[in-house]
2 protein chains.
Amino acid sequence: MIFRSGGSGPPDLTDGHRMDTADRILTTAEELMQTRGYNGFSYQDLADAIGIRKPSLYHHFPSKADLGRAVIGAYRDRMRRVADQLDAVEGIDPVSALTLYLEPMLEIGRRPGAACLCGVLGSEFSAMPEEMQAEVTAFFEEHLDFLERLLARGRAEAAFRFEAEPRAVARLALSLIEGAMILKRSIDDRTLVGETVGTLTGLLRG
Amino acid sequence: MIFRSGGSGPPDLTDGHRMDTADRILTTAEELMQTRGYNGFSYQDLADAIGIRKPSLYHHFPSKADLGRAVIGAYRDRMRRVADQLDAVEGIDPVSALTLYLEPMLEIGRRPGAACLCGVLGSEFSAMPEEMQAEVTAFFEEHLDFLERLLARGRAEAAFRFEAEPRAVARLALSLIEGAMILKRSIDDRTLVGETVGTLTGLLRG
DNA sequence: GTCTATACAAAGATAGAC
DNA sequence: GTCTATCTTTGTATAGAC
């Protein structure tokens, strides 16, 4: 394999592999969207953060809405991959699966200015292009489905104990995670998401 | 008392009393901020929605940040009044107090495009003027304090049953409410907030 | 693939008449 | 207190050279 980057200067490293411009744009845009929301950053902000000129962005993403959709798509894929891998492991302990599943969310929770991308975008839902709305909705549906499956299995195997329907508990869990991410930034408390998720799993285990 | 409104046309009624222009601006701006976020609406949108011209807004609120702060302030006062009234009732049943406290949130939850103003604004926290950030933070702190008091008293009186610290449960409850508001719009489900709050109170009552 | 230059609309805001 | 007219800056986006 030949590295595509041909310029001078330091290589762009993230997660240990080199990134081309499109990836750098996606990564930086995700950061901006997580911290400022879709309507809270401009192509100018993005270009400044990356260190290129504004029109260069249009070569990779012909409109801000296209970029927005791509950013959510990448986030969604990344998060879904975790869920898919856990679904693929036969007979994994439900408590462990839940812990592994929540780890990416806890990681975001520990990053001071960050929050779940889709939680943030859900807050500006009707002020967003429709293509982006559909991506956000799909993200939430996917994760509700995963949580419902995991909770149902976990209760059947006596790893979890709760009265309500698995779907209702899944809805509660996802609401809780998303809400904790929003709240923690406003009260400037990095421990909130971890603490809250801990309280939840404590409740679920009876 | 003499009504201040002097023009022709239908009187502006909300909650059964006439509103002057400043109130209409505040009310309409709150709606826009709840549905589109602070960076998702403009003075032009607001003027159009009210039916006046853009510069007229500046007579009442000299900047968008001023208006934003005023909108949160009004929302905060309104919500705090409920909490203060409940604090003032000697020996009120904690479960009833919690139900009454949550009713305004449930009402917002039933309104299709709406969400808690401060939850929405918490999502764009770092893309907001500092004066507004401070209001949002204060809102959350107030409500965490109220919930903590209520939960501690409720447990002492055996109306609630939970293991964790009252503060931790208050943080969980507020995260849950705010998250449910965000989520319900993105999955277009008006029942989510009510269902989720029901599940929570069920859990708290043991 | 990136740049300079530029078009065009919208945003926040002000001046000053009525 | 509201209006018309206007200013300035920013935002999204395109044209065309390198």
Side-chain angles (χ1 to χ4, degrees), chain A residues 2-12 18-29 32-33 35-71 124 126-132, chain B residues 2-12 18-29 32-33 35-71 124 126-132:
Chain A
I2 295 164
F3 292 120
R4 272 173 287 178
S5 127
S8 56
D12 306 301
R18 282 172 179 74
M19 296 170 81
D20 60 19
T21 304
D23 286 335
R24 284 202 295 164
I25 294 171
L26 283 171
T27 304
T28 311
L32 283 170
M33 285 168 65
T35 52
R36 305 184 56 86
Y38 178 70
N39 291 310
F41 84 100
S42 69
Y43 259 35
Q44 187 64 64
D45 298 327
L46 181 54
D48 291 346
I50 297 174
I52 60 175
R53 300 294 177 167
K54 200 169 37 155
S56 305
L57 296 172
Y58 287 89
H59 175 75
H60 302 277
F61 300 96
S63 78
K64 195 188 171 190
D66 281 315
L67 172 59
R69 191 167 36 69
V71 169
E124 18 179 17
S126 60
M128 239 170 30
E130 276 181 31
E131 326 131 61
M132 293 180 62
Chain B
I2 294 164
F3 293 120
R4 273 173 287 177
S5 128
S8 55
D12 306 302
R18 280 171 180 76
M19 296 169 83
D20 61 19
T21 303
D23 286 335
R24 284 202 294 164
I25 294 171
L26 283 172
T27 304
T28 309
L32 283 170
M33 285 167 66
T35 52
R36 305 184 56 85
Y38 178 71
N39 291 309
F41 83 101
S42 69
Y43 259 35
Q44 187 63 62
D45 298 328
L46 181 54
D48 291 345
I50 297 174
I52 60 176
R53 301 292 178 169
K54 192 166 51 150
S56 305
L57 296 172
Y58 288 88
H59 175 76
H60 302 277
F61 300 95
S63 78
K64 195 188 171 190
D66 280 315
L67 172 59
R69 192 169 33 69
V71 168
E124 17 182 14
S126 60
M128 240 171 28
E130 277 181 31
E131 326 132 62
M132 294 180 61

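Every chain is numbered from 1, with letters handed out A, B, ... down the list of sequences.
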Asker: Calculate the interatomic distance between B/Y58 atom OH and C/dG16 atom P; express it in whole Å.
Answerer: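 Atom OH in B/Y58 sits about 18 Å away from atom P in C/dG16.
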Asker: Where the side chain of A/K64 meets the backbone of A/Y38, is there a donor-acceptor pair that is under 3.5 Å apart?
Answerer: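 It does hold such a pair.
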Asker: Rounded to the Å, how far apart are A/R36 CZ and D/dG11 C1'?
Answerer: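 A/R36 atom CZ is separated from D/dG11 atom C1' by 14 Å.
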Asker: Using the closest heavy atom to pick a nucleotide of DNA chain D for each, name whichever of A/Q44 or A/P55 lands nearer the 5' end.
Answerer: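 The answer here is A/Q44.
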Asker: Write down the distance between CG (B/D20) and C1' (D/dT2), rounded to a whole number of angstrom.
Answerer: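 So the two atoms are 14 Å apart, to the nearest Å.
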Asker: What's the CG-P distance between B/D23 and D/dG1, to the nearest Å?
Answerer: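 Value for this atom pair: 12 Å.
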Asker: Between A/L26 and A/F61, is any pair of side-chain heavy atoms under 4.5 Å apart?
Answerer: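 Result yes, sub-4.5 Å side-chain heavy-atom pair found.
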Asker: Can you tell me the distance, in whole Å, between the NE2 atom of A/H60 and the C1' atom of D/dT14?
Answerer: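 After rounding, the gap between these two atoms is 16 Å.
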Asker: Can you figure out which of D/dC3, C/dT4, C/dA11 approaches the side chain of A/R53 most closely?
Answerer: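 The answer is C/dT4, which lies nearest to the side chain.
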Asker: Counting just side-chain N and O atoms, does B/T21 come under 4.0 Å of either OP1 or OP2 of D/dT2?
Answerer: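 Answer is yes, contact under 4.0 Å.
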Asker: When the distance from OH of B/Y38 to P of C/dA11 is rounded to whole Å, what number comes out?
Answerer: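 About 13 Å, once rounded to whole Å.
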Asker: Atom CG of B/N39 to atom P of C/dG12: distance rounded to whole Å?
Answerer: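 About 9 Å, once rounded to whole Å.
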Asker: Within the pair A/S56 and C/dC3, is there a side-chain N or O less than 4.0 Å away from OP1 or OP2?
Answerer: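 Checking A/S56 against C/dC3: at least one side-chain N or O falls below 4.0 Å of OP1 or OP2.
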Asker: On a plain distance test, is the side chain of B/K54 in donor-acceptor contact with the base of C/dG12 below 3.5 Å?
Answerer: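 Looking at the base of C/dG12, it does pair with a donor or acceptor on the side chain of B/K54 (distance under 3.5 Å).
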Asker: Quick check: does any side chain N or O of A/T28 sit under 3.5 Å from a backbone N or O of A/I25, one acting as donor and the other as acceptor?
Answerer: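 Checking the backbone N and O of A/I25 against the side chain of A/T28, no donor-acceptor pair under 3.5 Å is found.
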Asker: Between A/L67 (CG) and D/dG11 (C1'), how many Å, whole number?
Answerer: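 So the CG-C1' distance, A/L67 to D/dG11, works out to 14 Å.
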Asker: Between A/S42 and D/dG11, does any side-chain N or O lie under 4.0 Å from OP1 or OP2?
Answerer: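 Indeed, a polar side-chain atom of A/S42 lies that close.
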Asker: Consider the side chain of B/I52, meaning its heavy atoms from C-beta on, and name the nucleotide among D/dT12, C/dG12, D/dC3 that approaches it most closely.
Answerer: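 Ranking D/dT12, C/dG12, D/dC3 by closest atom to the B/I52 side chain puts D/dC3 first.
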Asker: Counting only side-chain nitrogens and oxygens, does A/H59 get under 4.0 Å of the OP1 or OP2 atom of C/dG1?
Answerer: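 Yes, such a contact exists.
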Asker: Check for a donor-acceptor pair, side chain of B/S56 on one end and backbone N or O of B/I52 on the other, with a separation under 3.5 Å.
Answerer: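 No: the side chain of B/S56 does not pair with the backbone of B/I52.
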Asker: Atom CG of B/N39 and atom CE of B/M128: how far apart are they, to the nearest 0.5 Å?
Answerer: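 Between B/N39 CG and B/M128 CE, I get 9.0 Å after rounding to 0.5 Å.
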Asker: Scan A/Y43 against the nucleic acid and name what it touches under 4.0 Å (heavy atoms): base, sugar-phosphate only, or nothing.
Answerer: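 Sugar-phosphate: the residue A/Y43, judged by heavy atoms under 4.0 Å, touches backbone atoms but no base.
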